[in-house]
Undergrad: 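Can you read through this structure? Questions will come right after.
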Amino acid sequence: MGDTVVHLHKNTDPSPEPAPVTTLTVVPDPAPPAPVPLWVRSGRAVKRAVTHESTRATVRAVARHGAYTFNGGRIVARRTWDGRTGSRYERMIRAAEAAGNLEAAEEWEERLQRFRAARHHRRMDLLHSPLEAAKGLAVGTGMSIGVLVALGVVMAINNGDVGDVITPLSATIDFIALLIRIVQIVWGPALTIGPFLALLALWTVGSKQHAAPQWALPANARSSEGEPITPSIVVKALRDLGVPALRNAIKEMGDAGASMLGPIRIAGCGVEVDVTLPSGVSTNEVQQRRRKLAENLTRHEHEVFITIPEAARTVRLWVADSGALDEPIGPSPLVTDKTMTADYAKGKAPWGQDLRGDAAALSLYQRHLLITGLSNQGKTVALRSLALWVALDKSVQFLMGDLKGVGDWAMFDGLATTLIQGPTDEHVIQVTEMVEGAVDEMNRRLQAPPGSVFPALIVLVDEAQVAFMCPVKDEDKRPYGGSKSNSRYFMAVRKIHNQGRAVNVLMWQGTQDPTDQNLPKLVREGAHTRASLALGTESQARMALGDKAVDGGAAPNMLRPGLDQGTLVVASSGIDIPKGQSSITVRTHYIDDTAAEAITDRAKALRDGVTTLHAIERDEDRDPLADIATAVGDAPRVLTADVLKRLSALNEDAYGGWTNSDLKRVLDDAGPDIAYKSDGRMVVGRDRLHRALANRDEDYSASAL
């Protein structure tokens, strides 16, 4: 029974009492916890002992040093075998033959023959060496004794003591006996210590080569991030990739896989190497293990790029220097060179740098453009930098729609013929009508006389997914958004994609997070230049760049959102792509708003002045008679054919389809003989026309009263 606790409670009630009363309350102790079974305590103790960091460190140390010694013995045995046999030469011969370098194979074969001849000569010498050694020993011993005796005779003559004749010989015998005694004393301990010294030597060899499992190595040895890429590191990374056929093939190769590798070349901020895979291993198996390959190469996933060159069963690895891709690439030449101009037809826009560190320039001539990616990855800046360059060609015209409307394109006010900015449905309607107007201009150009030359007209829509997703319909129940045959924005873009490039009417679009709903297939496949920033999935990468580019190694879905801003994968004939590849990765220059405004100021200075419309002028009720008077002007009479031309120029939408009968109908309604014949040709008389206008206005005023 446990102890009890006694609490004293004193009555302190202020009411009058004859005397305070003290009460006693006995509170028993809580019951003691049940004892933990012995087997539970033992299991917990064992678990703590096994999982304790000191235990794990001890296990790693034992495994590491044991592996050092064992693998050090293997290394020494291999070196000894290579030194005593021709296996090294045979490996080099097989590697040269596998690489197709017959000249090197012949050279190594010649070295092997010389090695075998020298070894045979040494072995033949060993057959005669015992007899020669015996003869040499006998002659040497006799000569030595003779010298010692002669020395003793000299000493005896000098000292006058005959006993000195054998003194040198006796001293030599005593010295030999001393050496034998020393050997007898040291031999026992040497036999005991010798094996330990041999093990220490093997351990030293193994430790220098880090010949132990990766998990057993110390932290400083395991952290090899940023180490140079060597052939042995590449082969080991491929061997440990988890492809059984590849691992077995490397083990069976006499050169340990060296024949698979081409030369390792410095390529910008990294290195590049072509790997010819053995039979039975597909390039797709390596591509699918990009992350594991990068980790085997002590790199992050985004620092290794795998592409497929033209050669069969070959993958091209580009491995960045550790951390190099996180460094900025420097300002754009558009910012640093204030005298730069552009040539739309023959020039290329300085967009950024490729992974090799070389300048990446893009030709925009007669190429529709599509840039996509996740939000806030630099899409607008990448698209705007191209527009800033081509704006320095004063012949290029712009129609721009920014369906985000936060001012990213405001600096083009005074450069673009039309600039619509805003995210609402009304802005989508305005942008759609702008694109449809570009279709009308394209049709006019297509019907021009052969040989006509037209300036480039770039129709640019940023955040185009807003237009494709717009649910609004017009008065004819035609949707502005969507991807059906009656969708106005979709059909206008398709028409420009189909025929626009022939007359320099180009469609540029920027969109977010591509899907079939916000970026229809026919639209994305109509772009000649397709570029993508970071995306979420491989299916989105295929939508953005196409199956061919992704199957060839393009992987914008492997870019790091938020970290690889401005880095995009480009598939286009307008940019220099390494032979055999279908895409190239470009790190674009960043041009901020202030620098962009400075560039547009230079572009405006090249032009005579552009009046920018911020809304589309819709059809309004026109006064045909007043417009005819405007077309006639101050001339006393004008041919009806010329009047029709002037009306069409005044308003293409209203009068572009007029014929002589339409003109005659309006004039006949206004009054007689406004159109009459002069010298056998129909003309419109100015005075008669003005008289009809004045009479009409008077009639209107009278009716209003």
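Note that the structure is predicted; figures quoted are calculated from it, not measured. For the single chain, residues carry numbers from 1 onward in sequence order.
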Undergrad: Would you say CG of Leu112 has more than 12 non-hydrogen atoms from neighbouring residues, nucleotides or ligands within 6.0 angstrom?
TA: yes
Undergrad: Output all residues satisfying side chain to side chain donor-acceptor pair (under 3.5 Å) with Thr80, sequence neighbours left out; order by chain, then residue number.
TA: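 Not a single residue meets the side chain to side chain donor-acceptor pair (under 3.5 Å) criterion with Thr80.
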Undergrad: Kindly give the heavy-atom pair with the smallest separation between Glu272 and Ala267, and that separation in Å.
TA: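 The answer is CB-CB, 4.0 Å.
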Undergrad: If I compare all heavy atoms of Leu293 with all of Ala237, which pair ends up nearest, and what's the gap?
TA: CD1-CB, 3.9 Å
Undergrad: Donor-acceptor pairs are to be reported for all side-chain atoms of residues 553-574 against protein atoms at under 3.5 Å, with residues two or more places apart or in another chain.
TA:
unit_1: Arg560; atom_1: NE; unit_2: Asp564; atom_2: OD1; d: 3.4
unit_1: Arg560; atom_1: NE; unit_2: Asp564; atom_2: OD2; d: 3.2
unit_1: Arg560; atom_1: NH1; unit_2: His302; atom_2: NE2; d: 3.1
unit_1: Arg560; atom_1: NH2; unit_2: His302; atom_2: NE2; d: 3.3
unit_1: Arg560; atom_1: NH2; unit_2: Asp326; atom_2: OD1; d: 2.7
unit_1: Arg560; atom_1: NH2; unit_2: Asp564; atom_2: OD1; d: 2.8
unit_1: Asp564; atom_1: OD2; unit_2: Arg560; atom_2: N; d: 2.8
unit_1: Gln565; atom_1: NE2; unit_2: Asn376; atom_2: O; d: 2.8
unit_1: Ser572; atom_1: OG; unit_2: Thr529; atom_2: OG1; d: 2.7
unit_1: Ser572; atom_1: OG; unit_2: Gly574; atom_2: N; d: 2.9
unit_1: Ser573; atom_1: OG; unit_2: Arg367; atom_2: NE; d: 3.3

Undergrad: Would you check if Leu179 and Val183 make a side-chain contact, meaning some heavy-atom pair closer than 4.5 Å?
TA: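 No, every pair of side-chain atoms sits at 4.5 Å or beyond.
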Undergrad: I would like to know whether Leu261 and Val235 meet side-chain contact (heavy atoms from CB on, under 4.5 Å); could you show each step before the answer?
TA: CA-CA 8 Å; Leu261 305 183; Val235 172; 3.7 Å; yes
Undergrad: For Lys348 and Ala361, work out which heavy atoms get closest and say how close.
TA: CB-CB, 3.6 Å
Undergrad: Can you tell me how far the CD1 atom of Ile584 sits from the CG atom of Asp576, to the nearest 0.5 Å?
TA: 7.5 Å
Undergrad: Taking C-beta and beyond as the side chain, do Ile329 and His589 meet within less than 4.5 Å on heavy atoms?
TA: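 They are in side-chain contact.
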Undergrad: Can you measure from CD1 (Ile182) to CD1 (Ile180) and round to the nearest 0.5 angstrom?
TA: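 The CD1 atom of Ile180 is 10.5 Å from CD1 of Ile182, to the nearest 0.5 Å.
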Undergrad: Please enumerate all residues that pass salt bridge (charged side-chain N to carboxylate O under 4.0 Å, His left out) together with Glu538, with sequence neighbours excluded.
TA: Arg542
Undergrad: So do the side chains of Pro231 and Ile264 get within less than 4.5 Å of each other, counting heavy atoms only?
TA: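 Answer yes - side chains close enough.
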Undergrad: Can you give each donor-acceptor pair under 3.5 Å made by side-chain atoms of residues 241-249, sequence neighbours left out, with the distance rounded to 0.1 Å?
TA:
unit_1: Asn248; atom_1: ND2; unit_2: Pro244; atom_2: O; d: 3.2

Undergrad: Step through the shown structure and confirm whether more than 12 heavy atoms of other residues, nucleotides or ligands are within 6.0 Å of CZ on Arg119.
TA: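 Check passes, neighbour count above 12.
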Undergrad: To the nearest 0.5 Å, what is the distance between CE on Met260 and CZ on Arg239?
TA: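 Spacing of CE (Met260) from CZ (Arg239) equals 11.0 Å.
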Undergrad: Tell me, with the steps shown, if Leu238 and Arg289 meet side-chain contact (heavy atoms from CB on, under 4.5 Å).
TA: CA-CA 10 Å; Leu238 293 170; Arg289 292 168 172 81; over 6 Å; no
Undergrad: To the nearest 0.5 angstrom, please state how far the CG atom of Leu370 sits from the CG atom of Leu545.
TA: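 So the gap between those two atoms works out to 9.0 Å.
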Undergrad: Please name all residues satisfying salt bridge (charged side-chain N to carboxylate O under 4.0 Å, His left out) with Glu285, sequence neighbours left out, ordered by chain then number.
TA: none
Undergrad: What closest approach, in Å, do Ala360 and Ile575 show between heavy atoms, and which atom pair accounts for it?
TA: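 Looking at all heavy atoms of both residues, the shortest contact is CB-CD1, 4.2 Å.
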Undergrad: For Arg291, does the CZ atom sit with more than 12 other heavy atoms under 6.0 Å from it, leaving out its own atoms?
TA: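 Count not over threshold, so no.
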Undergrad: So, using salt bridge (charged side-chain N to carboxylate O under 4.0 Å, His left out) as the criterion, who are the partners of Arg524 when residues are at least two apart?
TA: Asp516
Undergrad: A side-chain contact here means heavy atoms from C-beta on lying under 4.5 Å apart; do Leu362 and Leu364 qualify?
TA: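 A side-chain contact under 4.5 Å exists here.
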Undergrad: Under a 4.5 Å cut-off applied to non-hydrogen side-chain atoms, are Thr307 and Trp318 in contact?
TA: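 Side-chain contact under 4.5 Å: no.
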Undergrad: Output the distance between atom CZ (Arg74) and atom CG (Asn71), rounded to the nearest 0.5 Å.
TA: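 Result: 5.5 Å between the selected atoms.
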Undergrad: Does CZ belonging to Arg114 count more than 12 external heavy atoms closer than 6.0 Å?
TA: yes
Undergrad: Tell me the closest heavy-atom pair linking Ala382 and Ile371, and the distance in Å.
TA: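 Nearest heavy atoms, Ala382 then Ile371: C-CD1, 4.3 Å.
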Undergrad: Can you tell me if Arg530 uses its side chain to pair, donor with acceptor, with the backbone of Ala544 under 3.5 Å?
TA: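 Confirmed, Arg530 side chain pairs with Ala544 backbone.
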Undergrad: Answer yes or no: does atom CD1 of Ile266 have more than 12 heavy-atom neighbours from other residues, nucleotides or ligands under 6.0 Å?
TA: no
Undergrad: Rounded to the nearest 0.5 Å, how far does CZ of Arg290 lie from CZ of Arg299?
TA: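 One gets 14.0 Å once the value is rounded to the nearest 0.5 Å.
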Undergrad: Just wondering, more than 12 heavy atoms not from Glu109 lying within 6.0 Å of its CD?
TA: no
Undergrad: Please check: side-chain N/O of Thr69 versus main-chain N/O of Ala67, any donor-acceptor pairing under 3.5 Å?
TA: no
Undergrad: Taking all atoms of both residues into account, what is the closest heavy-atom pair of Pro514 and Thr372, and its distance?
TA: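 Scanning both residues completely, I find the closest heavy atoms to be CD-OG1, 3.2 Å.
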Undergrad: Between Glu295 and Val304, is any pair of side-chain heavy atoms under 4.5 Å apart?
TA: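 Side chain of Glu295 against side chain of Val304, heavy atoms only: no contact under 4.5 Å found.
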